[in-house]
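Quick notes on the structure that follows.
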Amino acid sequence: MVTTSYDRLYVEFVYYFNIARDYFECHEVMEELWLEEGRHPLYQGLLQVAVGLYHYRNGNTSGSIKLFTAALDKLDNYPEDALGIDLGRLRDDSRVYLDKLARAEEQPFAFYDLDIRILDAGLEVWVEELRLHPPEPHEEH
């Protein structure tokens, strides 16, 4: 039984992050939600993690460092579990990524994806539904 309600855009964000690995679309859907929800810092922090990954995947290490740093500044203000996800683990994984980015010039490393560990079974059901029936990409602004 699904007991928690999540905004469709948030569910799409988790889908694009974990399943499609499309960090540009993560940005598109989360920015829309962030604006709708009054620019909530938690949403902005999640958006910035995705954009940090997007930048590194595209060879922009300095942009990635800036985004991960900004994301952690925001996400550190929230509990270990928030919005049905293991936010503590995402923060820890982001710190490891940021540490590697800071040393990337001397110790290059290959891009790798991060995962958002879902804690809420209801959110898991919604993300799985999107995996089975992927959403249409959002319009570019």
Side-chain angles (χ1 to χ4, degrees), residues 1-105 107-141:
M1 185 168 101
V2 178
T3 57
T4 304
S5 170
Y6 294 98
D7 189 288
R8 171 80 177 185
L9 292 169
Y10 175 68
V11 177
E12 286 184 19
F13 170 82
V14 176
Y15 161 80
Y16 284 124
F17 197 100
N18 278 359
I19 309 289
R21 304 296 189 187
D22 186 335
Y23 301 114
F24 181 81
E25 279 300 316
C26 283
H27 170 267
E28 291 296 296
V29 297
M30 188 55 88
E31 183 177 59
E32 187 177 333
L33 179 58
W34 177 67
L35 292 171
E36 283 178 10
E37 295 296 320
R39 300 174 186 255
H40 197 290
L42 178 54
Y43 291 138
Q44 187 179 23
L46 291 171
L47 182 154
Q48 289 171 324
V49 170
V51 176
L53 290 169
Y54 177 82
H55 280 311
Y56 191 60
R57 179 185 276 167
N58 290 297
N60 181 357
T61 303
S62 65
S64 186
I65 289 170
K66 288 176 188 168
L67 270 295
F68 272 105
T69 301
L72 287 166
D73 286 346
K74 290 172 186 70
L75 297 179
D76 280 342
N77 297 315
Y78 294 94
E80 295 290 304
D81 61 331
L83 294 174
I85 63 171
D86 187 342
L87 188 60
R89 179 172 154 192
L90 182 61
R91 281 193 304 249
D92 291 345
D93 292 347
S94 294
R95 278 191 191 86
V96 169
Y97 220 103
L98 182 57
D99 188 48
K100 288 181 178 187
L101 288 165
R103 298 188 321 263
E105 199 168 300
Q107 299 174 3
F109 70 100
F111 171 84
Y112 64 93
D113 296 302
L114 293 181
D115 291 307
I116 294 175
R117 183 169 166 254
I118 299 173
L119 300 175
D120 183 298
L123 179 57
E124 187 77 60
V125 167
W126 288 112
V127 171
E128 177 61 15
E129 180 67 24
L130 288 181
R131 187 185 70 74
L132 296 173
H133 307 285
E136 290 293 319
H138 285 64
E139 298 284 321
E140 287 189 41
H141 294 123

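- Here the side chain of Y15 pairs no donor or acceptor atom with the backbone of W126 at under 3.5 angstrom.
- Of the possible polar contacts, none joining the S64 side chain to the N60 backbone as a donor-acceptor pair under 3.5 Å is found.
- The aromatic rings of Y56 and Y97 stand perpendicular to each other, their planes meeting at an angle above 60°, with 30° marking the opposite boundary.
- Separation of atoms CG (L83) and CG (D86) is listed at 12.5 Å; rounding is to 0.5 Å.
- Atom CG of L46 and atom CG of L87 lie 6.5 Å apart (nearest 0.5 Å).
- We find the CD-CD distance between E12 and E25 to be 8.5 Å, quoted to the nearest 0.5 Å.
- A donor-acceptor pair under 3.5 Å is absent between the side-chain atoms of R57 and the main chain of F111, judged by distance alone.
- In summary, the aromatic rings of F13 and Y6 are positioned with their centroids too far apart to meet the 6.0 Å limit.
- Between R89 and D81 there is no salt bridge, since no side-chain N of the basic residue sits under 4.0 Å from a carboxylate O of the acidic one.
- Ring pair Y16/F24: centre-to-centre distance not below 6.0 Å.
- Under 4.0 Å is where a charged nitrogen must lie from a carboxylate oxygen, and between D99 and R103 at least one such pair does.
- Heavy-atom contacts from other residues, nucleotides or ligands closer than 6.0 Å to NZ of K66 number 12 or fewer.
- Taking the ring centroids of Y23 and F17, they lie under the 6.0 Å cut-off.
- Between H40 and Y78, the ring planes lie tilted relative to each other; the angle falls in the 30° to 60° range.
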